[in-house]
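Residue numbering restarts at 1 for every chain, and letters A, B, ... go by the order of the sequence lines.
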There are 2 protein chains.
Amino acid sequence: MKIAFAGKGGTGKTTLAGAMITLLARHRKVLAVDADPNSNLANVLGIPNGSAIKPIVEMRDLIYDRMEIKPDITPGPVPGSFYKLNPRIDDIPEKFMRKRNNVNLIVMGTVDAGGSGCVCPESTFLRELLKHLVLNEKEDIVMDMEAGIEHLGRSTAGSMDCLVIVVEPTLTSIETAGRIKRLAQDLKMNTRFIGNKIKTKQDEDFIIKKLGEGTILGTVSFYQDMNRIDKGGSIMDLPHDAGILLEVDKILKSLTKMESSDEQKKVTG
Amino acid sequence: MKIAFAGKGGTGKTTLAGAMITLLARHRKVLAVDADPNSNLANVLGIPNGSAIKPIVEMRDLIYDRMEIKPDITPGPVPGSFYKLNPRIDDIPEKFMRKRNNVNLIVMGTVDAGGSGCVCPESTFLRELLKHLVLNEKEDIVMDMEAGIEHLGRSTAGSMDCLVIVVEPTLTSIETAGRIKRLAQDLKMNTRFIGNKIKTKQDEDFIIKKLGEGTILGTVSFYQDMNRIDKGGSIMDLPHDAGILLEVDKILKSLTKMESSDEQKKVTG
């Protein structure tokens, strides 16, 4: 499975992506991709010194070097000949990854200095890399997108199997989710909603009423003890029976079922 | 004053920007600028149908038209000759603004379709417009930035007097604030922190410990009744003595004092 997490800032994208990575990594190998220039996934996974991870965009320069292409002469995506290699996760050089148990974390890249420009080159390289990356059947990709909608203009997650859109019981997060869904449809992407930080039955009803019955993959409760995570703890270090992990596990099972039924339809249809 | 609000997604940038706009607009004229492609400022200000506001980037095309310049031949920022006009707020055509009381709201522009590209052209035009916009002494600008840090690469708020960075009592929002401050320093911008959603003395201490004593302009409490705003209410419709408005008013007074003392220093220094 290749899953990307999107949504308004602060809805809990990174937390839920971290929970899903934790769950998948119990039995499988996971490539965790932090596609947010304001990266936080390393924190949530308890991988120290995340901001020191060499961004994957620098792999482009490495490839250019090997091919003796100068980036200032051939800007934009890596030339097609690279993709003929159909890289696997194991082909990504160690220096661009940080490992923890079954998780390999890569980061897209960020803004290095004020006024130094946008993250378009980083987004383009990541999009093209993911498009050509080959997974074996014991491997998954979980990607945490930046807040908001710009990544959909760039189609960074365009090759993912599913875009999970996280909402909380606020109107602005639900409006953002609607925008994300519309833009993802332009890209012919599968989308699913998750309701997060649910405190009351009214919260759940509010989300269902706004997004429509039957559109929601599942909901996750508001956890007061997430305070510990907010203050610097990690999802991967939670006990196996932590409430949030149990709830996300249920969602993961629905998602796996849906994806395999979609796959079935593709095969038989 | 020209103030921009930045911070991690979900910290309350738009809410606090909306509160400041509401307070300033009691006595002055405010240009409210929504520089987030995932725009929400209209909601917070109770301006209906915000997503239908014509984005200011289309003014560029209007100018190009008048100058008989074709955007596909002359891309990027508007040519210098336009700026010789030194536009005032009143020079912005009505169709790009939505008014409510003393507030004029403009929106930067957004992603129209999945895969249609980034918001670099929108950001560039807004940056250049703000750089050349002339305010009279009864006018202020309050701008709500997109979540995260990419706008600092683009220097969209580069001409503002002050970048207010909103944090909540979470490690990730404080790390984001640190990144924003560093990037803003590259742009030689003034920055100030506001602590938001403070529930306990421990929350306040956590923020102060992480950001450093004396660096925080002020704090705003967590308001349970903000739930109403979250579910679709507007800050501008709160009663004058609403707690959040009283707290933001205190912050506004500190900010005004600091800015005028900075101004004094510039004059006498």
Problem set entry | Selection from D186(A), L187(A), I149(A), T170(A) maximising heavy-atom pairs under 4.5 Å formed with chain B | I149(A)
Exercise. In terms of heavy-atom pairs under 4.5 Å with chain B, which of L152(A), V44(A), V119(A) leads?
Worked result: V119(A)
If we define contacts as heavy-atom pairs under 4.5 Å, which of [options] has the most with chain A?
| options | value |
| --- | --- |
| S123(B), S155(B), A113(B) | A113(B) |
| G232(B), G115(B), A147(B), G158(B) | G115(B) |
| G153(B), A184(B), G9(B) | G153(B) |

What is the minimum heavy-atom distance between [X] and [Y], and which atoms define it?
| X | Y | answer |
| --- | --- | --- |
| L183(B) | V111(A) | CD2-O, 3.7 Å |
| E150(A) | C118(B) | OE2-CB, 3.3 Å |
| L171(B) | K231(A) | CB-C, 4.0 Å |

For this session: Determine, for E146(B) against K8(A), whether the closest basic-nitrogen to carboxylate-oxygen distance falls under 4.0 angstrom.
Result: no
For this session: Measure E175(A) against the heavy atoms of chain B and call it side chain, backbone, both or neither at under 4.5 Å.
Result: side chain
Problem set entry | Any donor-acceptor pair under 3.5 Å from R179(A) side chain to S39(B) backbone | yes
Exercise. Sub-3.5 Å donor-acceptor pair from the side chain of N38(B) to the main-chain atoms of G148(A), do we have one?
Worked result: no
Seminar exercise, completed: Whatever's closer than 4.5 Å to a heavy atom in chain A on D112(B) counts as backbone
Seminar exercise, completed: If one checks every heavy atom of Q185(B) against chain A at 4.5 Å, the contacting part turns out to be neither
Exercise. Are any of the side-chain heavy atoms of T172(A) and T14(B) separated by less than 4.5 Å?
Worked result: no
